[in-house]
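Below, chains carry the letters A, B, ... as their sequence lines are ordered, and counting in each starts from 1.
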Number of protein chains: 2
Amino acid sequence: MTPKINQGTKLEEGRRGRGRPAVFDRGTALNAAMKLFWERGYEGTSFDDLIAAMGISASSFYNSFGSKEALYGEATRSYLEWAGQWFFAILNDPSIDTKTAFARLFEATAEEFTRGDHPLGCMISLAGTHCSPGMKNVRDKMAEYRAFSESAMAERMRKGVANGDLSEDTDCDMLAAYYSAVARGLAVQARDGASREKLSEIGRLAMRAWPAAKPEKRAGPAS
Amino acid sequence: MTPKINQGTKLEEGRRGRGRPAVFDRGTALNAAMKLFWERGYEGTSFDDLIAAMGISASSFYNSFGSKEALYGEATRSYLEWAGQWFFAILNDPSIDTKTAFARLFEATAEEFTRGDHPLGCMISLAGTHCSPGMKNVRDKMAEYRAFSESAMAERMRKGVANGDLSEDTDCDMLAAYYSAVARGLAVQARDGASREKLSEIGRLAMRAWPAAKPEKRAGPAS
DNA sequence: GGATTTTTGGAGCGATGACACCAAAAATAA
DNA sequence: TTATTTTTGGTGTCATCGCTCCAAAAATCC
């Protein structure tokens, strides 16, 4: 019942151990698993689907990754690391003002959500929203990740307030909640086959809700 | 493999048949199933969970509803009928203009998504987005429902253009896609525990993206 | 009351899911 | 080479899933 997080040996990449070296590349296998989870979610991905996509046997799977749940944890972390690259690069780009950062975030989102080389949309946005009670661990973790990205947005906005990009009476938490919701909506649209252009335009429309800077406090680019 | 939609006898409500009458109320049982599907999704809800929540045996289930998939179909139709009540009542309220209709739609959404007497969020918005390939039927159906509500929004906007509520160069399909995305995002936020007030405020922010009426064409309430 | 019709409980079935184990194979250190 | 360490394929296991069948029970009509 309680899943044992027995992750076997799990040697590092550049090991120089004694025994037989693994014939598969751990990173590649993890990547394959990530894409499958991304496409189908946790419950929608079976053990057999996983080992087939990863090209390894059940025992190798067990030795290297411990369990399905442990692998899912690794896969989501791997996804977040990848997605965090472009997400935070844009969000924290010091050369652009706050509004531009969010506009570019949605441009990038439109592109990333519709690329042909990986599943559509976002691995996190919709994960663990509809699941059985036994998946509470997964569900809570996903909600936590979503809350994290939302608070990162709010943080950026607070920086914008400090910069003068945003009026001081801006409710950053609420504004971030709004843009977070738009991002989740984009993920659904992407799943349903919306084109990059459509997502891009939705993002542009969402930016029209951006609060006007206070008249007496002229907002310029961050210097 | 191919699910037989053998729905047994499935007598009407006010039947006066010959044999033993069913001891359970079909509508009540269907409602219980709907809420379970709403909460957990299709794959997250097991047969045993269903018959337990519905208070019937496996055979009664099979006799009355045919199969899990058929029941899910009934449950979603039942949900759509219920949700369509308030959705279309507001969307097509002839006494308010287009912008007000959408503002009220989001107010109602905020309230309905966070009520205590049924699961949080929307049964359709997030359904079938992360699932195994075998669930293609469900997935496509859900995407179809989502597209339907989006096109209903677009239709209302076109009426608004005709009424003069919206400028004639409004891209109604795109604007509807945007508000549809916001609605999906609200569903995720609701799932993650956002309060009614938070959803309400997100809706208000979303309304700030509403296009301004053309200066030369003054928009008044529909008369 | 008897016949008929329908529901109900319970048992069981084949398939799948996720894991667990084991002995053979392979690579390195000594 | 030998011993040691680790991977690997194959097989087995236990639970769950969704469904199916059957005979008993119950209610109606005649």
Side-chain angles (χ1 to χ4, degrees), chain A residues 1-12 14-26 29 33 36-37 40-73 131-135 137-138, chain B residues 1-12 14-26 29 33 36-37 40-73 131-135 137-138:
Chain A
M1 198 55 64
T2 49
K4 282 181 285 185
I5 312 296
N6 168 17
Q7 55 196 7
T9 50
K10 207 164 86 176
L11 294 173
E12 307 309 312
R15 84 188 175 87
R16 216 83 281 281
R18 198 188 265 253
R20 173 179 176 177
V23 81
F24 66 93
D25 179 55
R26 200 174 185 281
L36 214 59
F37 279 133
R40 307 180 182 180
Y42 181 74
E43 289 186 291
T45 309
S46 78
F47 193 84
D48 290 355
D49 290 339
L50 282 169
I51 60 176
M54 298 165 86
I56 62 177
S57 71
S59 359
S60 298
F61 174 93
Y62 192 69
N63 280 336
S64 268
F65 300 100
S67 70
K68 187 187 168 186
E69 190 170 352
L71 174 62
Y72 189 67
C131 53
S132 62
M135 294 294 110
N137 285 345
V138 172
Chain B
M1 199 54 68
T2 49
K4 282 181 285 185
I5 310 296
N6 165 17
Q7 53 196 8
T9 50
K10 206 163 86 176
L11 294 174
E12 307 309 313
R15 86 189 172 86
R16 215 85 281 278
R18 199 188 264 256
R20 173 177 177 179
V23 81
F24 67 93
D25 179 57
R26 199 172 186 282
L36 214 59
F37 280 133
R40 307 180 182 181
Y42 182 74
E43 287 186 294
T45 309
S46 77
F47 194 83
D48 290 354
D49 291 339
L50 282 169
I51 61 176
M54 298 164 86
I56 62 178
S57 71
S59 359
S60 300
F61 174 92
Y62 191 68
N63 280 336
S64 268
F65 300 100
S67 71
K68 186 187 170 188
E69 192 171 350
L71 173 63
Y72 189 67
C131 53
S132 62
M135 293 294 109
N137 286 345
V138 172

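In this pair, B/Tyr72 and B/Phe37 present their aromatic rings perpendicular. The plane angle is above 60°, beyond the 30 to 60° band.
Note: CE (A/Met135) to P (C/dG17) measures 14 Å, nearest angstrom. The distance between atom CG of B/Asp49 and atom P of D/dT16, rounded to the nearest whole Å, is 11 Å. Taking atom CG of residue B/Asn63 and atom P of nucleotide C/dT6, one finds them 11 Å apart after rounding to whole Å. With rounding to whole Å, A/Lys68 atom NZ is found 12 Å from C/dT16 atom C1'. Rounded to an integer number of Å, the gap from B/Phe47 CZ to C/dA11 P is 16 Å. Remark: P of C/dA18 and OH of A/Tyr72 are 13 Å apart, rounded to the nearest angstrom. Rounded to whole Å, the distance from CD1 on A/Ile51 to P on D/dT11 is 14 Å. Residue B/Phe61 contributes atom CZ, which lies 12 Å from atom C1' of D/dC17 at whole-angstrom precision.
For B/Tyr62, counting side-chain heavy atoms from C-beta on, the closest listed nucleotide (D/dT20, D/dG18, C/dC19) is D/dT20. Picking from C/dG17, C/dA20, C/dA11 the nucleotide with the shortest atom distance to the side chain of A/Ala58 gives C/dA20.
The side-chain heavy atoms of A/Arg40 and B/Pro133, taken from C-beta on, include a pair separated by under 4.5 Å. Here the side chains of A/Cys131 and A/Tyr42 are not in contact, with every heavy-atom distance at 4.5 Å or above.
Looking at heavy-atom distances under 4.0 Å, B/Thr45 makes contact with sugar-phosphate atoms alone, never a base.
Pairing each heavy atom of A/Ile51 with each of A/Ala58, the nearest pair is CD1-N, 4.0 Å. Of all the heavy atoms in A/Phe24 and A/Ser64, the pair that sits closest is CZ-OG, 3.3 Å.
Side-chain atoms of A/Ser46 and base atoms of C/dG17 include no donor and acceptor less than 3.5 Å apart. Side-chain N/O atoms of B/Ser67 and base N/O atoms of D/dG18 include no donor-acceptor pair closer than 3.5 Å.
Residue B/Ser59 places no side-chain N or O under 4.0 Å from the OP1 or OP2 atom of C/dG9.
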